[in-house]
A.B. asks: 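Here it is: the structure, laid out below.
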Amino acid sequence: MSLDMPKFSDLDALYSPDAKVATSMYEDPELFKLEMDKIFRNTWVWVAHDSEFPEKGSFKLSHVGLEPVIVVRDRKGVIHVMLNRCRHRAATVCEVKKGKTSSFQCPYHGWGYGLDGSLRALPYPEQYGDDFNKEQHGLQRLRTESYQGMVFATFNEDAEPLVDFLGPEVCRYIDLFMKQGGGFPVKVLGEHQFSVPMNWKVQLENTTDAYHFPVVHKSFMQSLDGETEEIFRFLETGKGFVEDLGNGHSVMAMIPELIDLDENLDAPIPERFTELAQELRDEGYPEDQVKKIVRAVGGAGFNLNLFPNVSFSLAFFRVLTPVSVEKTDIRHIAIGMDGGPAAANQMRLRLHEHFQGPMGFGSPDDAEVWERVQRGTKGGETLPILVNRGIVDEVPGALGPRGHVSAETGMRAAYKMWKRMMSQ
Amino acid sequence: MTEMSKIDSRALLAQVTEFLWAEADLLDRKDYDVWLDLWQGTGFYTLPIGDTEDFANALNLCHDDAKMRRDRIVRFQQGFSISSAPPAQTVRTVSRIVIEKAEGDVITVRSAEHVVEDKFGRQRLWAANMTHTLIATDGGFRIRNKVVRLLNSDGMLNSFSYLF
Ligand code: FES
Ligand SMILES: [Fe+2]
């Protein structure tokens with residue numbers, strides 16, 4: 001049976017031109033399979049940040065869609081992404097999540113692969129005959145490109161170059177996001193991982209959903225000092241926006257004054273950072289650097305959401321990995337300043353723990369409502385899911401429409417791309 | 001070890017066990033205000049990720065000082081957090097209790113904890129190694145530090161609406 005079943009030939013029925021999503025979009029296992037094929041095997045998927053495997057021979061395990069991959073830096077510093085599957089009889093060649101090695105050896109019959117995936121040696125090769133070609137039996141390699149340390153891979157040899165897929169606006173926002181290194185390179189400090197019984201698109205929607213914030217995150221807001229709480233009242237002040245940046249990507253700017261962290265450096269240091277600022281001064285950092293670091297500690301004022309699996313979310317990376325139609329793994333990756341002051345990184349770690357992860361004051365409530373969506377869609381097969389909020393007063397932006405900060409413009413951007421990819 | 005100190009250490013083990021069981025009971029019953037009172041101000045309640053000892057410079061699941069502990073309880077109790085209103089129900093056992101060190105009034109205790117949670121008709125099982133640093137006071141033990149190492153702390157977890 002072909003994957004292109006007539007059932008899915010009418011994509012308008014799944015995502016309508018007036019921004020309604022069909023219930024089966026979260027529930028249909030056949031549609032999920034098709035998505036893995038048409039989307040996750042066809043476009044650039046985020047797999048790692050440079051700092052997670054910094055040295056020659058460093059590697060980490062990751063996924064492209066459902067498929068397990070190894071991301072590794074070879075002796076020349078070249079990054080390879082390859083399937084974690086032995087070419088003999090399919091055993092994974094690595095089960096260490098992160099580490100350093102000089103080769104990958106399959107534990108089953110001992111086939112040995114180099115850091116670039118090439119098959120180096122195998123025990124008793126004679127039995128394969130003289131015409132066995134080692135060059136055709138390396139680990140399957142994916143195309144790999146990176147931008148600003150963010151590493152992406154794709155199975156699609158014909159995919160456009162990564163920077164074209166991202167486009168100029170996304171690249172501009174990535175550059176801005178990385179300013180939270182405060183003058184230092186951005187470095188991954190750790191990650192929270194949790195699995196949620198929901199379709200992956202529920203997560204894709206949520207990264208560009210400001211509308212839920214004051215409701216779902218009320219208990220988080222109440223744990224903040226007044227000044228900080230004020231910042232998170234971005235729906236009331238309404239200065240922010242959501243903008244479609246093309247190819248399914250979008251930006252949700254909640255705190256516009258923190259889009260460019262190099263601006264307004266002379267603004268007074270917020271109360272919650274005064275202690276840190278003093279600590280940095282005492283450590284001998286000059287005042288302009290103190291200001292820069294302190295301003296960077298709280299993160300950027302926007303979420304940049306890339307289709308299909310990564311978001312640059314205020315102060316961390318949020319990564320989704322589809323597992324099955326009703327199960328998605330989430331990673332909240334904490335970042336900090338590589339070589340920066342320990343006090344600043346400690347503050348970033350505590351801020352991350354405060355909101356994110358299985359015990360944060362925010363993520364568990366997110367996870368609860370995502371699961372509620374999945375549970376709710378058990379009823380009302382024919383009822384639409386609405387992502388039309390804010391269509392009424394959208395204005396044209398640089399590459400796509402721009403709406404109110406709580407508009408579902410980013411979701412529409414993602415679904416537009418979903419449709420484009422599913423129709424190919 | 002002399003006869004006398006053996007008796008002493010047995011008595012201490014009995015007292016510590018009683019304390020850890022009472023704490024487990026408080027946590028299962030979500031009697032958090034009483035739990036907060038068990039603490040002696042300065043220490044941390046930590047769920048690390050992996051085997052790090054340097055909690056301050058690592059990302060943890062939580063690393064709570066007195067203020068964060070209180071804020072966490074307030075969040076649980078206020079009713080605005082959808083994941084904790086209602087929270088998962090838990091039943092836990094604490095066992096395999098070993099007194100690692102007893103110096104003056106500071107006692108370091110290791111133990112095993114199993115927690116079964118129930119929510120949405122689904123049960124999940126968590127296992128952890130715990131280390132308590134207890135202070136013996138006239139009014140009984142106080143917790144200075146508590147480190148709970150989930151067996152799969154660096155793996156794929158779910159969200160928690162209760163304490164370990
Ligand atoms: S499966 Fe890898 S060597 Fe046989
Ligand atoms: Fe949220």
Side-chain angles (χ1 to χ4, degrees), chain A residues 97-98 188-197 212 214-225 316 321 323 327-336 342-354 356-372 374-375, chain B residues 44-52 54-65 67-88 115 117 119-122 124 126 128 146-150 152-164:
Chain A
K97 286 175 200 159
K98 232 175 230 188
V188 168
L189 301 177
E191 65 183 6
H192 286 141
Q193 309 177 66
F194 55 107
S195 178
V196 185
H212 82 290
V215 182
V216 172
H217 300 308
K218 185 163 179 171
S219 77
F220 167 74
M221 303 265 287
Q222 291 195 326
S223 71
L224 301 174
D225 62 90
F316 68 104
T321 309
V323 177
K327 193 173 174 201
T328 306
D329 287 348
I330 303 295
R331 286 182 174 75
H332 286 176
I333 299 175
I335 52 178
N345 281 332
Q346 283 177 11
M347 185 141 193
R348 288 192 66 103
L349 287 163
R350 300 294 88 80
L351 289 171
H352 191 87
E353 288 159 0
H354 187 175
Q356 317 300 339
M359 294 194 80
F361 287 22
S363 304
D365 295 326
D366 278 323
E368 174 96 5
V369 293
W370 301 337
E371 181 169 4
R372 294 287 195 96
Q374 198 70 36
R375 290 168 74 80
Chain B
F44 285 86
Y45 170 66
T46 309
L47 270 83
I49 297 175
D51 48 17
T52 182
D54 184 7
F55 308 139
N57 290 304
L59 183 70
N60 309 286
L61 295 171
C62 76
H63 185 53
D64 291 359
D65 59 10
K67 178 179 183 307
M68 272 299 276
R69 286 195 298 274
R70 215 175 327 104
D71 286 353
R72 189 177 294 281
I73 298 310
V74 167
R75 184 178 116 82
F76 281 162
Q77 291 173 337
Q78 271 188 337
F80 297 127
S81 153
I82 183 70
S83 63
S84 32
V115 179
E117 62 148 90
K119 186 166 183 172
F120 290 146
R122 168 187 61 214
R124 291 179 175 136
W126 306 98
K146 177 176 175 180
V147 179
V148 183
R149 292 184 187 275
L150 288 174
N152 54 342
S153 66
D154 64 349
M156 210 36 83
L157 301 169
N158 304 105
S159 58
F160 301 121
S161 55
Y162 48 87
L163 298 179
F164 286 92

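Chain letters run A, B, ... following the sequence lines, proteins first, then strands; residues in each count from 1.
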A.B. asks: Select one option (side chain, backbone, both, neither) describing which atoms of Gln193(A) are under 4.5 Å from chain B's heavy atoms.
C.D. replies: both
A.B. asks: Please find the pair of heavy atoms, one from Asp71(B) and one from Ser223(A), that lie closest to each other, and give the distance.
C.D. replies: OD2-O, 4.1 Å
A.B. asks: Taking all non-hydrogen atoms of both residues, which atom of Asp365(A) and which atom of Ser83(B) are closest, and how far apart?
C.D. replies: OD1-OG, 2.6 Å
A.B. asks: Which bit of Arg122(B) is near chain A, if near means a heavy-atom gap under 4.5 Å: side chain, backbone, both or neither?
C.D. replies: side chain
A.B. asks: Can you measure from CZ (Arg72(B)) to OG (Ser219(A)) and round to the nearest 0.5 angstrom?
C.D. replies: 10.5 Å
A.B. asks: I need the Leu61(B) CG to Met359(A) CE distance, nearest 0.5 Å.
C.D. replies: 7.0 Å
A.B. asks: Identify the heavy atoms of Arg75(B) and Phe361(A) that sit nearest to each other, and give their distance.
C.D. replies: NH1-O, 3.0 Å
A.B. asks: Is chain B contacted by the side chain of Asn345(A), its backbone, both, or neither, given a heavy-atom distance below 4.5 Å?
C.D. replies: neither
A.B. asks: Sort Ser81(B) into side chain, backbone, both or neither according to what part of it lies under 4.5 angstrom from a heavy atom of chain A.
C.D. replies: both
A.B. asks: Would you check if the side chain of His354(A) reaches a backbone N or O of Cys62(B) as a donor-acceptor pair within less than 3.5 Å?
C.D. replies: no
A.B. asks: Please confirm whether the backbone N or O of Pro358(A) pairs with a side-chain atom of Asn158(B), one donor and one acceptor, at under 3.5 Å?
C.D. replies: no
A.B. asks: How close do Ala342(A) and Asn57(B) get, heavy atom to heavy atom, and via which atoms?
C.D. replies: CB-OD1, 4.2 Å
A.B. asks: For Glu368(A) and Phe120(B), work out which heavy atoms get closest and say how close.
C.D. replies: OE2-CZ, 3.4 Å
A.B. asks: Quick check on Gln222(A) against chain B: is it the side chain, the backbone, both or neither that has a heavy atom closer than 4.5 Å?
C.D. replies: side chain
A.B. asks: Only pairs of heavy atoms separated by less than 4.5 Å count here; which of Leu163(B), Asp64(B), Asp154(B), Leu157(B) has the most with chain A?
C.D. replies: Leu157(B)
A.B. asks: Any salt bridge between Glu371(A) and Lys119(B), counting N to O under 4.0 Å?
C.D. replies: no
A.B. asks: So which of Gln346(A), Met221(A), Glu191(A), Arg372(A) has the biggest tally of heavy-atom pairs under 4.5 Å with chain B?
C.D. replies: Gln346(A)
A.B. asks: Give the member of His352(A), Arg350(A), Lys218(A) that has the highest number of heavy-atom pairs under 4.5 Å with chain B.
C.D. replies: Arg350(A)
A.B. asks: Just checking Asp54(B): does its CG atom have more than 12 heavy atoms from other residues, nucleotides or ligands closer to it than 6.0 angstrom?
C.D. replies: yes
